[in-house]
Asker: 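There's a structure below that I have some questions on.
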Amino acid sequence: MNPFEKIFNFQIISRLDETRSLALTSQERSWLKTMLRHPASEAAFTPETLSKLNTLLEPEASIEVGEIIIEKARSKERQVYHPLLRTLRRMIMQNQGMLLTYQIKHGGGRADQAGFPHKLEYNMYKREWYLQWYSTRQRSLMSTKLRNIVSVEAASLPAQQIEGLKARIARLLEGLKESACIQVIPAYNAELSRILSSFSCFDKSVSFDESTGIYQIHVNYMRDDSEFLLSRIRFLGLRVKIVEGKQLKWRMLKSAEMAVGRYGEEGE
Amino acid sequence: MAKESFDKEIQFLRMLSLAGGAYSRQQFADRLGISVHTYDKTLRNLKEMVTVLQQNLPVEQGAELSEWLRYNYYESADPLLLFLFRAKSLKETESLRLTRLLTALQSEELTAKELHDRCCEQTPDDSLLPDEKTIRGDLKYLEEVGVILRVNEKRPYRYKAANDLIDQLSGDELLDLYDYVDVIANTQIPSVQGYLLRDTLKKALRNRGYPPEATETHRYKYNYHSRILDEAHLYTIFGAIQQRRRIRFLYLSPKKGMNYTSKNTNPLFERESAGVTDSILPLRVVYDHQYGRWYLIGHHARMGIKKFRMEGLTQMEEGEPVEEAEYAARLQQLDKQMENSWVTDTNRTVKVAVRFYNPVRSGANFIRERVEAQGQWGVITEESEAAFLYEITVNEIYEIKPWLRSFGSSCEILEPRWLRKQFIAEWKEIRSYYESL
């Protein structure tokens, strides 16, 4: 098994594209065969398709590399697949509207909310699926956990409305973009690789001032991501300091004050 | 053929994706321990590859590679670093031949002779005509990697593209398969082959008339894309473990400033090696979900159990085999030592006791949910409406500490006392970072 096979070479791939030809290797099939053992496969296919795939892949070897891998510090896998993914992805692809019934955070629910589904989003940290959608009544973007969805029904939308809705979603998303600048405290520059890795799940760029030895990480994020960004900053403790981002700085101050407060007189 | 090493490209891409934009050419080259000339050359090669691969996609002309590599999950779930695995160098004539053979075999079953004739028809310049022996060699390779298969038992053999997995599926089934591969490649490890398959299926869907948006319905938030660079070493290590062989490598500690040491033939450019040559009996690899990083763990003749960050491993080679009994004993020893590792620490165990505070507002208890989901083997005990206890026996505190700290004021350390004192001191110092507000 060599992931650097010459058949994967970029010139071959691009030439094959020109003639709409495919090169499907046994490595890819073996990987699939192994991964179909994951229980998620039952929610991903109809029983007929799954059995067809298993038959087609029978002659392949499976990849047993998983035997030597130990996964650590992982969130419990609440959900890899959700039965609604198949329905919702087709609604998104076909630009359908929908009527959504779902439970809400603090108890209770909402019934038959009219909306337009936008994307299915998996949160790698919480290991959970969300539907990002536009609520036509509230005229705002919503994010709903798939496990909280009670039912979803397709609703027809006039074709001329679709482009307008998409443009509106794009504008709303644009409005949710935030940015912050996080400085690495130079005493911890030796740990730079770890620190940069911590932020590598964000859209970011890094700048370095050679005269002061200071690294700054410029993170672009969506407003919903600020909690996760803050938890990453707390994760790193003394190693980093927010230098731009008023709201984040204020939250870190409160967090530190309250954390010290937890220790009562000892913290005085 | 000499095994092509991608150490340089891997180090290069990792630095570009982690520290994108931070360094000038000279600084970048210095940190990789290469000359500016090599830097320019590597960058040029990578850019060329990007240009070829992206020709059908809207990419701003002249966009900087680091810009292009910037992770943006709002636009696409395509793992950009995958192109590392497409970097194998190949002669122009060979890539042309292989493509022609594969294209001819997409819908027809043909013999080597027939394929040779086709190739000759399509090659305008007589001097470039391949002989039949070359074609047979190509077919042997294509059969080995499984992209074509032989359809009959007796000579002359006829071949066809091995596309049944795709051809036998209806459009709807193909869409389900694409989604499954997309989800699994993004959420499980290993994933390189999954991402390669995802690319193949994406093309198959386009060929069937699905629009590009059809394959852009899913997004993955907080994904560590650079993890796929480390998978480059995974199969070499796996092969060595299967054969109970030692491996040798040059280790460049990511903590030292320099990441890559080139073996320059020109003595003018020779640098002192910053790395250490090491030899271990590989036992396991660990994937750390907190940073999306991999470790190699093995047994070192003098030092016992030793851990290496996968990103520091270069020039890896298989060494001599050991007896099965020795391997088994080492593995058993490792399992025992790692029983209480938060990630890879195998030092003495410490008992940590923590009080977690439930959120004040009603509704979902996200603190409890997170501790339950991520607290590994720690034990939760109810305390009061406001708080619960969490206790864990763990190898040293260095690896669990960041996790505990990430809870901010929702977490109070009870034991050990010295850790409690450390947390108080650290939070005070963090408070001082922002006190001027």
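Residue numbers begin at 1 in each chain, while the letters A, B, ... track the order of the sequences.
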Asker: Check whether the ring centres of B:F423 and A:Y263 lie less than 6.0 Å apart, and answer yes or no.
Answerer: no

Asker: List in chain and number order the residues that pass side chain to side chain contact (heavy atoms under 4.5 Å, CB included) with B:F366, two or more places apart in sequence or in another chain; answer none if no residue qualifies.
Answerer: B:P359

Asker: Contact part of A:I104 toward chain B, heavy-atom cut-off under 4.5 Å: side chain, backbone, both or neither?
Answerer: neither

Asker: Can you find a heavy atom in the side chain of B:Q106 that is under 4.5 Å from one in the side chain of A:T19?
Answerer: no

Asker: Please look at A:F199 and chain B and tell me whether the side chain, the backbone, both or neither of the residue comes under 4.5 angstrom of a heavy atom of that chain.
Answerer: neither

Asker: Under a 4.5 Å heavy-atom cutoff, which of A:S207, A:G237, A:P117 has the most pairs with chain B?
Answerer: A:G237

Asker: Can you tell me which of B:R100, B:R370, B:R227, B:R355 forms the most heavy-atom pairs within a distance under 4.5 Å of chain A?
Answerer: B:R370

Asker: Checking side-chain polar atoms at under 3.5 Å, does B:Q193 have a donor or acceptor matched by the opposite partner on A:Q27?
Answerer: yes

Asker: Between A:L120 and B:R219, is any pair of side-chain heavy atoms under 4.5 Å apart?
Answerer: no

Asker: Check B:V145, B:D164, B:N163 against A:L24 for a side chain to side chain contact (heavy atoms under 4.5 Å, CB included) and give me the one that passes.
Answerer: B:N163

Asker: Non-hydrogen atoms of chain B under 4.5 Å away: do they reach the side chain of A:S30, the backbone, both or neither?
Answerer: neither

Asker: About how many Å separate CG of B:L105 and CG of A:L22, when rounded to the nearest 0.5 Å?
Answerer: 13.0 Å

Asker: Check for a donor-acceptor pair, side chain of A:R74 on one end and backbone N or O of B:H289 on the other, with a separation under 3.5 Å.
Answerer: no

Asker: What about the rings of A:Y221 and B:Y222, do their centers lie closer together than 6.0 Å?
Answerer: no

Asker: Could you tell me whether B:D172 and A:R90 have a side-chain N and a carboxylate O separated by less than 4.0 Å?
Answerer: yes

Asker: Between the side chains of A:E266 and B:R420, is the shortest nitrogen-to-carboxylate-oxygen separation below 4.0 Å, so that they form an ion pair?
Answerer: yes

Asker: Going through the distances and angles, do B:Q188 and A:V80 end up as a side chain to side chain contact (heavy atoms under 4.5 Å, CB included)?
Answerer: CA-CA 9 Å; B:Q188 311 291 310; A:V80 176; 3.6 Å; yes

Asker: Could you pull out the closest heavy-atom pair between A:R194 and B:R293, with the gap in Å?
Answerer: CA-NH1, 3.3 Å

Asker: Could you tell me whether the side chains of B:Q242 and A:E67 share a donor-acceptor contact shorter than 3.5 Å?
Answerer: no

Asker: Which bit of A:S231 comes within less than 4.5 Å of chain B, counting heavy atoms only: side chain, backbone, both or neither?
Answerer: both

Asker: Need one label for A:L57: side chain, backbone, both or neither, based on atoms under 4.5 Å from any heavy atom in chain B.
Answerer: side chain

Asker: What distance do A:L238 atom CG and B:I430 atom CD1 have between them, rounded to the nearest 0.5 Å?
Answerer: 5.0 Å

Asker: Rounded to the nearest 0.5 Å, what's the gap from OG1 on B:T217 to CD on A:E121? Could you check?
Answerer: 12.5 Å

Asker: What part of A:L56 is in contact with chain B, defined as an atom under 4.5 angstrom from a non-hydrogen atom: side chain, backbone, both or neither?
Answerer: side chain

Asker: Pick from A:L192, A:I233, A:I242: which one has the most heavy-atom pairs with chain B under 4.5 Å?
Answerer: A:I242

Asker: Looking at CG of B:N207 and OG of A:S21, how far apart are the two atoms once the value is rounded to the nearest 0.5 Å?
Answerer: 8.0 Å

Asker: Please give me the minimum heavy-atom distance between A:A259 and B:S409, naming the atom from each residue.
Answerer: N-CB, 3.4 Å

Asker: For atom NZ of B:K203, decide whether the heavy atoms of other residues, nucleotides or ligands shown that lie under 6.0 angstrom number more than 12.
Answerer: yes

Asker: Could you tell me whether B:E173 and A:K52 make a salt bridge, using a distance below 4.0 angstrom between a side-chain N and a carboxylate O?
Answerer: yes

Asker: Looking at B:D288 and A:A73, what are the two nearest heavy atoms and their distance?
Answerer: OD1-CB, 3.9 Å

Asker: Please rank A:R127, A:Q94, A:H118 by heavy-atom pairs under 4.5 Å with chain B and give me the top one.
Answerer: A:R127

Asker: Report yes or no: is the cationic atom of A:K241 (NZ for Lys, CZ for Arg) closer than 6.0 Å to the six-membered ring centre of B:Y433, at no more than 45° off its axis?
Answerer: yes

Asker: May I ask you to test the B:I297-A:I70 pair for a side-chain heavy-atom distance under 4.5 Å?
Answerer: no

Asker: Before giving the answer on ring pair (Phe, Tyr, Trp, His ring centres under 6.0 Å), spell out for A:F10 and B:F85 the whole-Å C-alpha distance, their side-chain angles and the decisive distance to 0.1 Å.
Answerer: CA-CA 9 Å; A:F10 69 103; B:F85 297 95; over 10 Å; no

Asker: What residue, out of B:P190, B:A161, B:S107, has the most heavy-atom pairs lying under 4.5 Å from chain A?
Answerer: B:P190

Asker: Taking the side chain as C-beta and beyond, is there a heavy-atom pair between A:N9 and B:L98 under 4.5 Å?
Answerer: no

Asker: Rounded to the nearest 0.5 Å, how far apart are CD of B:E144 and OG1 of A:T25?
Answerer: 13.0 Å

Asker: A side-chain contact here means heavy atoms from C-beta on lying under 4.5 Å apart; do A:W31 and B:V181 qualify?
Answerer: yes

Asker: How long is the straight-line distance from OH of B:Y180 back to CG of A:L36, given to the nearest 0.5 Å?
Answerer: 5.5 Å

Asker: What I'd like to find out is whether the side chain of A:R20 reaches to under 4.5 Å of the side chain of B:T103, using heavy atoms alone.
Answerer: no

Asker: Are the side chains of B:L84 and A:F4 in touch, meaning some heavy atoms are under 4.5 Å apart?
Answerer: yes

Asker: B:L165 and A:R29: which non-hydrogen atoms are nearest, and at how many Å?
Answerer: CD2-CG, 4.1 Å

Asker: Would you check if the side chain of B:R431 reaches a backbone N or O of A:A256 as a donor-acceptor pair within less than 3.5 Å?
Answerer: no

Asker: Quick one about A:S193 and B:R309 (side-chain donor to acceptor, distance below 3.5 Å, no hydrogens or angles considered), yes or no?
Answerer: yes

Asker: Shortest non-hydrogen contact from A:S75 to B:Q374?
Answerer: OG-NE2, 3.0 Å

Asker: Between A:M258, A:E71, A:E64, which has the largest tally of heavy atom pairs under 4.5 Å with chain B?
Answerer: A:E71

Asker: Does the distance from a Lys or Arg side-chain N to an Asp or Glu carboxylate O, for B:D179 and A:R86, drop under 4.0 Å?
Answerer: no

Asker: Name the option with the most non-hydrogen atom pairs under 4.5 Å to chain B; the candidates are A:I92, A:V260, A:L88.
Answerer: A:V260

Asker: Can you find a pair of side-chain heavy atoms, one from B:K221 and one from A:F228, that are under 4.5 Å apart?
Answerer: no

Asker: Which answer fits A:Y130, side chain, backbone, both or neither, if we ask what part of it has an atom under 4.5 Å from a heavy atom of chain B?
Answerer: neither

Asker: Provide the closest heavy-atom pair for B:Y434 versus A:V240 in the form atom of the first, atom of the second, distance.
Answerer: OH-O, 4.4 Å

Asker: Kindly confirm or rule out a cation-pi arrangement of A:K6 over B:Y141, judged by NZ or CZ under 6.0 Å from the six-membered ring centre and within 45° of its axis?
Answerer: yes

Asker: For chain B, which of A:E257, A:K246, A:E60, A:R232 has the most heavy-atom pairs under 4.5 Å?
Answerer: A:R232

Asker: Strictly distance-based, threshold 3.5 Å: is any side-chain N or O of B:R86 a donor or acceptor partner for the main-chain N or O of A:F8?
Answerer: yes

Asker: Count the heavy atoms belonging to other residues, nucleotides or ligands that lie under 6.0 Å from NZ of B:K421, then report whether that count exceeds 12.
Answerer: no

